[in-house]
Amino acid sequence: MQTAPLNELIWQIVASIPEGKVATYGQIATLAGYPNHARYVGTTLKKLPKDTGLPWHRVVNARGESSFPKGSDAYKRQMERLEAEGVIFRNGRLSFSRYGIEQRP
DNA sequence: CAAATGACGGTGC
DNA sequence: GGCACCGCCATTT
């Protein structure tokens with residue numbers, strides 16, 4: 001276990017993402033207090049158990065799209081989940097101005 | 001111990 | 001607006 005507060009912190013941030021919104025890996029890392037740990041966030045999520053219950057589908061890369069290869073199972077699953085929450089994908093991408101956690105009027 | 005990998009980000013053209 | 005290269009960190013081989 002070696003105590004992994006960073007891991008739990010990341011899970012907390014992901015779980016804190018409002019429904020119908022999304023966040024980038026770098027954003028989560030920054031919120032966690034580690035600006036350049038974007039990669040680590042993805043690596044951590046990958047290690048998550050499948051029964052984690054964590055809404056990882058609300059996490060996307062800086063491009064505003066899924067980080068999985070198109071046509072992959074996880075890719076479709078994530079997109080479907082987001083659509084179910086009101087997130088509209090445009091050409092496989094979404095608008096951060098509308099779904100980004102950065103609250104904007 | 002060193003090199004390679006990976007659910008990434010930012011800048012340049 | 002899209003494509004390409006470099007940089008970042010932690011984990012794995």
Side-chain angles (χ1 to χ4, degrees):
Chain A
M1 310 299 204
Q2 294 129 22
T3 73
L6 183 52
N7 270 33
E8 290 190 17
L9 183 55
I10 291 172
W11 303 338
Q12 190 67 37
I13 301 288
V14 176
S16 296
I17 302 174
E19 191 174 291
K21 294 215 171 175
V22 298
T24 68
Y25 298 90
Q27 192 79 49
I28 296 169
T30 303
L31 292 173
Y34 298 81
N36 293 54
H37 285 59
R39 253 172 151 163
Y40 181 70
V41 176
T43 306
T44 301
L45 290 177
K46 183 164 196 181
K47 293 168 165 180
L48 282 174
K50 61 180 180 181
D51 59 349
T52 169
L54 193 75
W56 56 269
H57 54 263
R58 289 182 193 157
V59 185
V60 295
N61 55 17
R63 293 179 178 177
E65 57 179 13
S66 182
S67 303
F68 302 98
K70 186 178 181 180
S72 205
D73 191 38
Y75 176 85
K76 297 178 187 172
R77 195 148 45 213
Q78 180 175 24
M79 179 176 288
E80 197 154 304
R81 287 267 190 193
L82 290 173
E83 283 186 10
E85 297 194 352
V87 178
I88 309 299
F89 275 82
R90 206 347 203 170
N91 214 15
R93 294 182 213 168
L94 53 82
S95 303
F96 283 104
S97 302
R98 288 173 65 76
Y99 308 112
I101 53 180
E102 298 182 61
Q103 306 161 355
R104 68 126 216 127

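So you know, we letter chains A, B, ... as the sequences are listed, proteins then strands, and number each from 1. What's counted below: heavy atoms across the whole structure, side chains too, no hydrogens, waters or symmetry copies.
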Using a 4.0 Å cut-off on heavy atoms, which residues in residues 77-87 of chain A reach DNA chain B? List them by number, or say none. none

Which sits closer to the 5' end of DNA chain C, A/Lys47 or A/Arg39, going by the nucleotide each is nearest to? A/Arg39

Atom CZ of A/Phe96 and atom C1' of B/dG9 are separated, to the nearest Å, by 11 Å

Nearest 0.5 angstrom please: A/Leu94 CG to A/Glu83 CD, how far? 10.5 Å

Just the rounded figure in Å: distance from P of C/dC9 to OH of A/Tyr40. 14 Å

To the nearest angstrom, how far is A/Leu45 atom CG from C/dA10 atom P? 16 Å

Base, sugar-phosphate, or nothing: which does A/Thr24 touch, judged by heavy atoms less than 4.0 Å apart? sugar-phosphate

Figure out the CD/P separation between A/Gln27 and B/dC8, and round it to whole Å. 16 Å

As a test of reading the structure: which of C/dC9, C/dG2, C/dT11 is closest to the side chain of A/Arg93, going by heavy atoms? C/dG2

Measuring from atom OH of A/Tyr34 to atom CG of A/Leu6, what distance do you get when rounded to the nearest 0.5 angstrom? 5.5 Å

Whole angstrom is fine here: how far is it from CD in A/Glu65 over to C1' in C/dC3? 13 Å

Within this structure, what is the CG-to-C1' distance between A/Asn7 and C/dA10, rounded to whole angstrom? 10 Å

Would you say C/dC3 has OP1 or OP2 under 4.0 Å from some side-chain N or O of A/Arg63? no

Value rounded to 0.5 Å, distance of CZ in A/Arg58 from CD in A/Glu19: 5.5 Å

Separation of A/Tyr40 OH from A/Leu45 CG (nearest 0.5 Å): 10.0 Å

If you compare every side-chain N and O of A/His37 against the phosphate oxygens of C/dA10 (OP1, OP2), does one of them come in below 4.0 Å? yes

So if I apply the side chain to side chain contact (heavy atoms under 4.5 Å, CB included) rule between A/Ile28 and each of A/Leu9, A/Ile101, A/Val41, which one comes out positive? A/Val41

Between C1' on C/dG2 and CZ on A/Arg90, what's the gap in Å once rounded to a whole number? 15 Å

Nearest whole angstrom, please: distance from the P of C/dC3 to the CG of A/Asn61. 14 Å

Please determine whether a side-chain nitrogen or oxygen atom of A/Ser67 lies at a distance below 4.0 Å from atom OP1 or OP2 of B/dC8. yes

Atom CZ of A/Arg39 and atom OG1 of A/Thr44: how far apart are they, to the nearest 0.5 Å? 13.0 Å

Straight-line distance of A/Tyr75 OH to A/Glu65 CD, nearest 0.5 Å: 6.5 Å

Want to settle it: does A/Asn36 or A/Asn91 sit nearer the 5' end of DNA chain C, counting the closest nucleotide to each? A/Asn91

